[in-house]
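These figures come from a predicted structure and were not determined experimentally. For the single chain, residues carry numbers from 1 onward in sequence order. Hydrogens, waters and symmetry mates play no part in the numbers below; they use all other heavy atoms, side chains included. For ligands, and for the atoms within them, numbers begin at 1 and follow the listed sequence.
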Amino acid sequence: MAIWIVAENCKGCGLCVKACPYGGVVVEDKVARLTERCTHCGACIEACQLDAIGCDVEDQAPPDFSEYRDVWVFAETAGDRLHPVSLELLGEATRLAGAAANGQRVCAVLVGDGVEPLAADLIAHGADVVHVAEHGELRSYRTLPYARVLARLVADHKPSIFLMGATPLGRDLAPRLSRRLDLGLTADCTELELDPENGGLCQTRPAFGGNILATIVSPRSRPQMATVRPGVMVARAADPARRGEIVRHPVSLELGDLVVRVLSRTEVARQQVELGRARIVVAGGRGMGGREGFERLAALAQALGAEVGGTRVTVEEGWLPPERQIGQTGQSVRPELYIACGISGAIQHRAGILGSRYIVAINRDRTAPIFEIADYALVGDVHQIVPALAEACQRAARGREA
Ligand SMILES: Cc1cc2nc3c(=O)[nH]c(=O)nc-3n(C[C@H](O)[C@H](O)[C@H](O)COP(=O)(O)OP(=O)(O)OC[C@H]3O[C@@H](n4cnc5c(N)ncnc54)[C@H](O)[C@@H]3O)c2cc1C
């Protein structure tokens, strides 16, 4: 797309400068000028109220999407179980389908070999329909056959929304699928909402290194595809009495889909950290000062029956293992109680803790951004407050036992 300034219409108001996230437009002598940083994204065109920015893309009427309906969830499996993210996405799909104006159904897609028994769990967690595609060649995940099966199902059934987990598998499969179907894909969404005006899916995710939250829409393609990381959405409680439909689909693969063969599988032993499911999380940041600080944090966590987590800085410093990082590039948590100790509250960290019920923040800087989202703010030195809290909790626990 080419963009240009229509100088005779421009009054130098600067709305385009504010709208441009790249510094791609400046105002000089009361006229806008595009700089070499312009990426032709078109944000300035939408902002301009004077028709002072031209482009060579003609306004097109929105395509007719009336055939597209229902909210689909890819039901990822892990061994012979459902991956928890599948149930979390079903919870979100149920909420979205309920909010839609035109009665959408929630559908899950199960792909594999011998996976049909998992359909009951999907129905109990909110699926109205479970599409099952089984084949011996689908036993182990491989990109090409899975992409073929899903692309066929989507093309035949035309869902309006298609959600997948931003797991290693989802991150491999979703882009492949979106390319095959020529669709947009918004990865790592932290929030999904329906536009009240047109019912389109507003997909919010961190952008520009996590410094802003961008809301992305797909006005020209269906289904609207998004991935969401595990732990971000909430699964509904299972209702074994729910009834749903199971639809079996024949699978036809081509030789080219099977060029990759799985020769063996090796399970890598990793310490199981259930941060995403913890009721209480005690997290530390740079302010904890080092491993010794984290030992104090661990004492507090033990007294509270909590899990320990931390910011990316603390992982980079080697004070915590990577699986305990919380935030945009770490885990998302949604505990009843989140205690942030010596954490500034950078947006990338906040992205992982917004589902927490209560946030307690301890920081010696009363202007730290973490206090903007904290329910309780303790201004002071973590090296004094954390041990004092741990001792108080231990005393309380002893009191309960006595
Ligand atoms: C693409 C990208 C992805 C990222 N992903 C993540 C992510 O997933 N998770 C994440 O956490 N970060 C992430 N970051 C990094 C993030 O931007 C911040 O740098 C990081 O969260 C800051 O960590 P911190 O709060 O521990 O350190 P700092 O920002 O340095 O804050 C330390 C805080 O401790 C306080 N403090 C110091 N000493 C004491 C004391 N004695 N008592 C009380 N308070 C004290 C200070 O006042 C300060 O507020 C990412 C960054 C980028 C660019």
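- Ion pairing between a basic and an acidic side chain is recognised when a charged N comes within 4.0 Å of a carboxylate O; Arg312 and Glu316 show such pairing.
- With Val313, Thr311, Asn363 as candidates, the residue nearest to atom 46 (C) of ligand 1 on a non-hydrogen basis is Asn363.
- Annotation for ligand 1: atoms under 4.0 Å from non-hydrogen atoms of Arg286 are 24 (P), 26 (O), 27 (O), 28 (P), 30 (O), 32 (C).
- Annotation for ligand 1: atoms under 4.0 Å from non-hydrogen atoms of Ala346 are 16 (C), 17 (O), 18 (C), 21 (O).
- Look at Gly289 and you'll find every heavy atom at least 4.0 Å from all atoms of ligand 1.
- Numbered from 1 in the order shown, with element, the atoms of ligand 1 that lie under 4.0 Å from a heavy atom of Gly327 read 7 (C), 8 (O), 9 (N).
- Atoms of ligand 1 found under 4.0 Å from any heavy atom of Asp365 (numbered from 1 in listed order, with element): 47 (O).
- For atom 34 (O) of ligand 1, the choice among Gly352, Gly293, Cys341, Gly342 with the nearest heavy atom turns out to be Gly342.
- Taking the side chain to side chain contact (heavy atoms under 4.5 Å, CB included) definition, one finds that Arg171 meets it with Ala166, Asp188, Arg229, sequence neighbours left out.
- For the pair Arg37 and Tyr22, the NZ or CZ position fails the cation-pi test of under 6.0 Å to the six-membered ring centre and within 45 degrees of the ring normal.
- When the heavy atoms of His349, Gln348, Glu317 are ranked by distance to atom 16 (C) of ligand 1, first place goes to Gln348.
- Counting atoms of ligand 1 from 1 in the listed order, those under 4.0 Å from a heavy atom of His383 are 41 (N).
- Close contacts of ligand 1 with Gly285, meaning ligand atoms under 4.0 Å from a residue heavy atom, involve 26 (O).
- For residues 329-371, the set of pairs meeting the ring pair (Phe, Tyr, Trp, His ring centres under 6.0 Å) definition, not counting sequence neighbours, is empty.
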